[in-house]
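Before any comments, here is the structure.
Chain A is the first sequence line, chain B the second, and so forth, proteins listed ahead of strands; every chain is numbered from 1. Just the heavy atoms: all of them, side chains too, but no hydrogens, waters or symmetry mates, feed the values below.
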Amino acid sequence: MPELPEVETIARGVDERLRGDRIVEAWFSSYPQPFKTPRDRQAKGLAGRIVLSVHRTGKHIVCELGSAAPASASTTAQPDSQWIVHLGMTGRLLVSTPDEPVAAHTHARLSLASGRELRFVDARRFGRLEFRELDFRDPARTGAFDAPGAEPLSIGPEEFAALFRGRKLAIKAALLNQTLLAGVGNIYADESLFHAGIRPRRAAGRLTRTELERLRRALRKTLQQAIRLGGSSVSDYVDANGARGFFQLEHCVYLRTGEPCRRCGTPIRRILLAGRGTHFCPSCQR
DNA sequence: CATTTCACCTGGTGGC
DNA sequence: TGCCACCAGGTGAAAT
C-alpha cells in the first residue's frame, strides 16, 4: 500500500495527534509475523514512554520515544528509544478512540494517556513492527538504519547520477531498490518514469546525464504533489485519521492498462518487470 | 558481488 | 451462488 507520500502523510498525522502523549499500555496480536522485535519486549519497552515526535524515513514511520516529557514546549527531549513501523502492502496506522470497533487484522493497540489509541491493522501481515533502545554513546545504536538509501526529495544531481552508474539492471528495478533510494515503490516508479519520458526497461547505467536529471526532477515533483494530495488511495490506503488520498486521480500510467495516454492518446501498456506490474506509454517513453 | 525469482499473506475482481 | 485464476502499494532470502 504505502510508498513515500502515503507514509509521509501518515507520519505527519500521527505526529500532529500524538506528540507529547504518553503510552500507557501496548497490546499485540498473537501472529508472529509483524514483530521484528518479540511482542513482549515491544510491550515492555513502549509502556510508559512519551511520544516525542513521529517522522518518516524511507517507507518507515519512526516514533521517537522518551522516558520524560520535554522541559517546555519549545525544548526537545532526547529520545531514548524508537518504535519503527513498516506498513508492508496493506498496513494501516490509525489514531482512534477505544470505543471504535476493532477492525479485522488489528495487530497492535497502543493506549495513550489522552484516552486515544494508536492501532496497527494489516490484513496481509507484510508489515513489521520494531522497538529499539537507543544508546548515543554507541554510534551503531543511535537510530540509524542499517543500509539507508538516499532520500529522493533531497538528493542532488551528482549523487543521484552516481546511484545508477555502471548498473545493468532496468531503471525501474533500480528505483525500487530501497538501498539505493528509500521510499519509491511501484506507483511512483511508474509515474515518475512516465513524466521523465523514460522506458522502465532501459538499463540504469545507460541513461544519459540529461535523462537522469529529468528523472530526478520528475520523481521529486511527483512525490511532492502526491504528498500535497494526501497520497494515492488505490484500494484501501487511508491516513492516520482514516481519510483517503487523492493522488490516484492524477495517475498517468499506474493501473491504466489499455486506457489512452493522457498526453498522446496511445493505449497504456503493461509488462512484468522485476516481478511487478509495470505501466508505461510506448509513445511518450523512450 | 549484482541481479532475478520467489515465498510470504489476505482480499477483491472478473470470467465461466 | 460458487469456483478459479489473477491481481494488488513490499521486502528479504535463496537461487543464478
ask   = In the structure shown, which nucleotide is the Watson-Crick or G-U wobble counterpart of B/dC9, with both distances under 3.5 Å?
value = none
key: Same cluster (ILVMFWY, side-chain, under 4.5 Å), A/Ile50 and A/Trp83   = no
task = Starting from P on C/dT11, measure out to CZ on A/Phe126 and report it in whole angstrom.
result = 11 Å
key: Nucleotide C/dT11, atom P - distance to CG of A/Asn177 in whole Å   = 10 Å
query = Using a cut-off of 4.0 Å on non-hydrogen atoms, how would the nucleic acid contact of A/Ser233 be classed: base, sugar-phosphate, or nothing?
reply = base
query = Are OP1 or OP2 of B/dT3 and a side-chain N or O of A/Lys168 less than 4.0 angstrom apart?
reply = no
remark   = From CG of A/Leu272 across to C1' of B/dT4 the rounded distance in Å is 12 Å
message = How many whole angstroms separate atom CD1 of A/Ile271 from atom P of B/dT4?
response = 13 Å
request  = Would you confirm whether A/Arg56, through its side chain, and A/Gly183, through its main-chain N or O, come within 3.5 Å as a donor-acceptor pair?
outcome  = no
key: Phosphate contact (B/dG11 OP1 or OP2) by A/His105 side-chain N/O below 4.0 Å   = yes
remark   = With the side chain defined as heavy atoms from C-beta on, A/Tyr254 is closest, among B/dT3, C/dA8, B/dT10, to C/dA8
request  = Figure out the CZ/P separation between A/Arg270 and C/dC6, and round it to whole Å.
outcome  = 12 Å
Protein-nucleotide distance (A/Lys172, atom NZ; B/dT4, atom P), rounded to Å = 13 Å
message = Between A/His195 and A/Thr222, is there a side-chain donor-acceptor contact under 3.5 Å, judged purely by atom types and distance?
response = no
note = From OH of A/Tyr237 across to C1' of C/dA8 the rounded distance in Å is 17 Å
query = Counting only side-chain N and O atoms of A/Gln178, is one of them less than 4.0 Å from OP1 or OP2 of C/dG10?
reply = no
task = Write down the distance separating the P atoms in B/dC9 and C/dA14, rounded off to the nearest Å.
result = 15 Å
ask   = Should A/Arg124 be listed as having a side-chain N or O under 4.0 Å from OP1 or OP2 of B/dC8?
value = no
ask   = Considering only C/dA8, B/dA2, B/dC9, which nucleotide approaches the side chain of A/Leu255 most closely?
value = C/dA8
ask   = Thinking salt bridges, do A/Glu250 and A/Lys221 make one under a 4.0 Å N-O criterion?
value = no
task = Among the candidates B/dA2, C/dT11, B/dT10, find the nucleotide nearest to the side-chain atoms of A/Lys59.
result = C/dT11
query = From the list B/dT3, C/dT11, B/dT10, which nucleotide is the closest neighbour of the side chain of A/Arg125?
reply = B/dT10
request  = Could you check whether the rings of A/Phe120 and A/His107 sit parallel, tilted or perpendicular, using 30° and 60° as the cut-offs?
outcome  = tilted
task = Send over the distance from A/Leu176 CG to C/dA8 P, rounded to a whole Å.
result = 13 Å
message = For a quick check of understanding: with a heavy-atom distance under 4.0 Å over all strands, which category does A/Arg128 fall into, base, sugar-phosphate or nothing?
response = nothing
task = Using a heavy-atom cut-off of under 4.0 Å over every strand shown, decide if A/Gly275 touches base, sugar-phosphate, or nothing.
result = nothing
query = What nucleotide, of C/dG10, B/dA2, B/dT4, holds the atom closest to the side chain of A/Met89?
reply = C/dG10
inquiry  = What I want to find out is whether A/Glu130 reaches A/Arg132 closely enough, with some N-O distance under 4.0 Å, to be called a salt bridge.
reply    = yes
request  = Report the nucleotide, chosen from C/dA8, B/dA2, C/dT11, that has the shortest atom-to-atom distance to any side-chain atom of A/His279.
outcome  = C/dA8
query = Which value, in whole Å, describes the distance between the P atoms of nucleotides C/dC7 and B/dT5?
reply = 16 Å
